[in-house]
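Reading through the C-alpha cells given below for one structure.
This one's a predicted model, so the numbers in the text were calculated from it and none came from an experiment. The sequence lines fix the lettering, A, B, ..., with proteins before strands; numbering per chain opens at 1.
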Protein chains: 2
Amino acid sequence: MAKQGEQKRSRPTIHGVAARAGVSTATVSKVVNGKKTGVSAETRRRVEAAIREMGYRPNRIGRNLRTQRHGAVGLAIVDPSPRFLADPFTTNLVAGLSNHLSKNDFGLLLYGVLPGRLAECSLIRISQVDAICLNPSGDRAERIESMRLVAGLGQPLVVFQDQPVPDLPDACFVRQDDHGGSAAIARELLRRNPRRAAMVITDIQWPAVENRVAGVSEVFADHNVTLDLIPCDETSAVAITDATTRYLDRNGIPDVIVGQNDQIAIAAIQVLRSRGLRVPEDVAVSGFNAFPFTGLAVPPLTTVKSRAYEIGVTAAGAIIERLESGIFSETDHLLPLELVHGQSI
Amino acid sequence: MAKQGEQKRSRPTIHGVAARAGVSTATVSKVVNGKKTGVSAETRRRVEAAIREMGYRPNRIGRNLRTQRHGAVGLAIVDPSPRFLADPFTTNLVAGLSNHLSKNDFGLLLYGVLPGRLAECSLIRISQVDAICLNPSGDRAERIESMRLVAGLGQPLVVFQDQPVPDLPDACFVRQDDHGGSAAIARELLRRNPRRAAMVITDIQWPAVENRVAGVSEVFADHNVTLDLIPCDETSAVAITDATTRYLDRNGIPDVIVGQNDQIAIAAIQVLRSRGLRVPEDVAVSGFNAFPFTGLAVPPLTTVKSRAYEIGVTAAGAIIERLESGIFSETDHLLPLELVHGQSI
DNA sequence: CTGAAAGCGCTAACAA
DNA sequence: TTGTTAGCGCTTTCAG
C-alpha cells in the first residue's frame, strides 16, 4: 500500500499524476507534451486537473534519458577577465541567443573561461548539452585550437565572430562583417585627407579586433595613410586614456583616431579635449558598435552599428535547425554592417 | 549476439566498458566514481584500460536520473526589455554567479523573462535545475508574487536585491545596502547646503531603485531639502537627457542632481554642461555603481561602489551550501557599500 | 572483492 | 483512445 498514490511529500512524478487522474503514464505523457492526437478531450481535462492540483512539473532528466536530448545549449566565452560579460557586444549576443533559445524551449548554459583553460571547463568535461557555442579569443592559432577541442566532442558547434575553419565537421560560423564595417569607417575618414592615423585597440586578441584593424589598414594603405596601433586594456577607462596620452606625447597629434569601439573613441575624445583639441575640427575620431548608450558622446560619434543581438538570434536559429534536420544548412553566416553618421569625423 | 559488446559506433556506455573489461557495471561505476574501496588493484587497472581504449565518458544524464541532481542552477531575470543583460550591474552579478557555480561543477541556466510571464518560462514549467535564482522587478507586490510563484515550486530559491519576505520557506536573499549607500551619497551632497534636489531614476521598478530613492529622501527630508524625482528610460541616453532637459526647463536648476546610477549621472552632466553650467560649482551631481568605465566621467563622479559580482559569488556559495546541508544557514546576506570620492560634488 | 538486480522519471512502440 | 511494457545509463544495495 501507500506506495505510489500516497507519495510522501516528495515531488510528484508522472505516476502520481496518472494515478490521480485514473489513467496511464503514457496518457499523461501525451498530455504533458502537448500531443494533439491520441487523447480524448475529457481525459485530457482530467489529466490537466490532476497536474494542476498536484503542482506536477515534468522532470527533465527522465525525459532526457529517454530522448537522449538535453534541451540545453552551452556557451563558452573565452576571456582573460573573470568579468567575461563586461562588453556590451557580448551581453547583447548572449541576450539574443538566450531569448531565441528559450522561445524554443532550450536553455542556455553560460560559462566564462580563462584562455587556455577551456579543457578544464565543466561545460567540456561534464555538462551535457545538445550543442556548444564558442566565443573564442586569443590569436588565431589559439582560437583554432579551442574550436578543434570543442569540435572533438562530437557535438554541433557554433563559433562566433571568427573566420570559418574549413575542415571542422559539424560547425557553423556566425559573425558580422567587421572588416567591411571598418573599411567603411576608414573611407569616411579619408575625406579628411589624413596623413597619419592612430587606432586604439584592446590588448586582448579578439577576432573582431583583427578584422577591424585589417579593414582600416587596407583602406589606409591604398591611400598612403600611416596607421599606428595603440593597444591597451580596454576594460579600464584610465588605461585607455593613459595609452592615448602616451602616444600623443611621443608621436604628436595624428589626423584621425580610430577607436576599436565606442567606449575607446569616447575616452580618446576626452583626452583630445583635455588638450584643448577640437573634434572633429582638429582631429577626427571614429567609434564602432553604436550601442544605445554611446549615443551620448559629444560630439555624436560616427560609428558602425554592430549586430550582436542578431548574431545571437541567428546562432540560436541555426542550432534549432541543425538539431531538427541533422545538418547545418548554412555554415557561414556573415551579417553586413552599416555606417552611422555622427559628427566626430 | 552483437547486442551490448559490439556497440554500433554510438558513444560507449558503462555496459560496453564492463563487457570489455570482463567485469560488471557495478565495478565500472565504482572505478569511474573514484571509490577507494571495494575494487582490487588488478581489476581497477583492467577497467581503467578499457575506459581509455574506448574513450568512455560517463553519461551525465544517467547519473543525474539516479542521483536526482541536475547539476545546474537557473537564473530568471525579470526585465521588460529583451536586452535583459544591458545593465552592468546585472552582467557583473551573472559573471560572479556563473564563475563560482562552475568552479563547483554547476551550470548556470540563464533566462530573461518579461514581467508577468514568469510562469511561462521553461525554468518554472519544467523541473531542470537544483535551485532557482530570481532577479525580480516591478513594484513590491509584483515582485512578491514572483517570489511566491518560484517558492511554490519547492526548490531552493535565491532572490537578488529585494527585501526579505519572512514567510518564504526555502529562500535566501542576497543584496547590497543600496539604502545605506545612497544615504551616504545624500549626506555628502548636504555639504553643498542644497535647498532643492532632483533625482533621475529609471522608469522600471527595481528594488535597488526604491532603496536608493528611500536612502536619499530620508536624509534630505531630515534637512528640509526638496527632492523631485525624474523618471525616464535609462537604457536610452537620449531619453535621459530629454527627461532632464524637460525638468530643467520647467523647474529651473536644482542645487544637486542625484543619478540613480553612473550612466544617468554622466548624461545629466552632459545636459548641464551644454547649458554652460559647471559641475560641481553650479550643480553637484552624484552617481551610483562605480563600474570601471564610469571613471571616465568629467569631472570624476562621486559615487558608490556596487558589489554586483560579489552578490553573484555570495549567492553561488549559499546555493552550494544549501544543496549540501539541506538548509540555508543564512537567509539574508546584506553587503555594505562604500562611497567613492570623486569631484562631482 | 565482485556481480545481480532494482529502479531513478520519462517516452514511444505496440497491443488491446 | 488507452494501457502495457521495455528500456534510456547510471548508482547502489545486497547477496555471493
Exercise. What distance do B:R125 atom CZ and A:D105 atom CG have between them, rounded to the nearest 0.5 Å?
Worked result: 4.5 Å
For this session: For B:R44 and C:dG3, give me the distance from atom CZ to atom P, rounded to whole Å.
Result: 14 Å
Seminar exercise, completed: For B:L123 and B:G74 the tightest heavy-atom approach is CD1-CA, 3.7 Å
For this session: Rounded off to whole Å, could you give me the NE2-to-P distance for the B:H15 and D:dG7 pair?
Result: 11 Å
Seminar exercise, completed: Exactly one candidate in B:L93, B:L85, B:L134, B:D87 meets side chain to side chain contact (heavy atoms under 4.5 Å, CB included) with B:I77; the answer is B:L85
For this session: Tell me, please, which residues at least two apart from A:R148 pass salt bridge (charged side-chain N to carboxylate O under 4.0 Å, His left out).
Result: A:D167
Exercise. Can you tell me if CD1 on B:I327 sees more than 12 non-hydrogen neighbours from other groups inside 6.0 Å?
Worked result: no
Seminar exercise, completed: d(B:I320 CD1, B:N104 CG) to nearest 0.5 Å is 3.5 Å
Exercise. Taking OP1 and OP2 of C:dG3, is either one under 4.0 Å from a side-chain nitrogen or oxygen of B:T27?
Worked result: yes
For this session: Figure out the CD1/C1' separation between B:I61 and D:dT11, and round it to whole Å.
Result: 16 Å
Exercise. Expressed in angstrom and rounded to an integer, what is the separation of A:Q68 atom CD from C:dG9 atom P?
Worked result: 18 Å
Exercise. Any salt bridge between B:R45 and B:E48, counting N to O under 4.0 Å?
Worked result: no
Seminar exercise, completed: Taken to the nearest whole Å, CZ/A:R11 to P/C:dG9 is 10 Å
Anything under 3.5 Å between a protein N or O and an N or O of nucleotides 11-15 of chain C, put it in a table, one pair a line.
from, atom 1, to, atom 2, distance (Å)
C:dT11, OP1, A:N33, OD1, 3.3
C:dT11, OP1, A:N33, ND2, 2.9
C:dT11, OP1, A:R63, NE, 2.7
C:dT11, OP1, A:R63, NH2, 3.4
C:dT11, OP2, A:S29, OG, 2.8
C:dT11, O2, A:R66, NH1, 2.5

Problem set entry | Helix axis bend for the helix from C:dC1-D:dG16 to C:dA16-D:dT1 - C1'-based end axes, five pairs, 10° rounding | 40°
For this session: Calculate the interatomic distance between B:N64 atom CG and D:dC10 atom C1'; express it in whole Å.
Result: 10 Å
Exercise. Atom NE2 of A:H70 and atom C1' of C:dC10: how far apart are they, to the nearest Å?
Worked result: 15 Å
Exercise. Taking the side chain from B:T314 and the backbone from B:E310, do they hold a donor-acceptor pair closer than 3.5 Å?
Worked result: yes
Problem set entry | Any donor-acceptor N/O pair, B:D130 side chain to B:H70 backbone, under 3.5 Å | yes
Exercise. Nearest to the side chain of A:T13 - C:dC10, D:dG9, D:dT1?
Worked result: C:dC10
Exercise. Taking atom P of C:dG7 as reference, at what distance in whole Å does atom CG of A:N59 sit?
Worked result: 18 Å
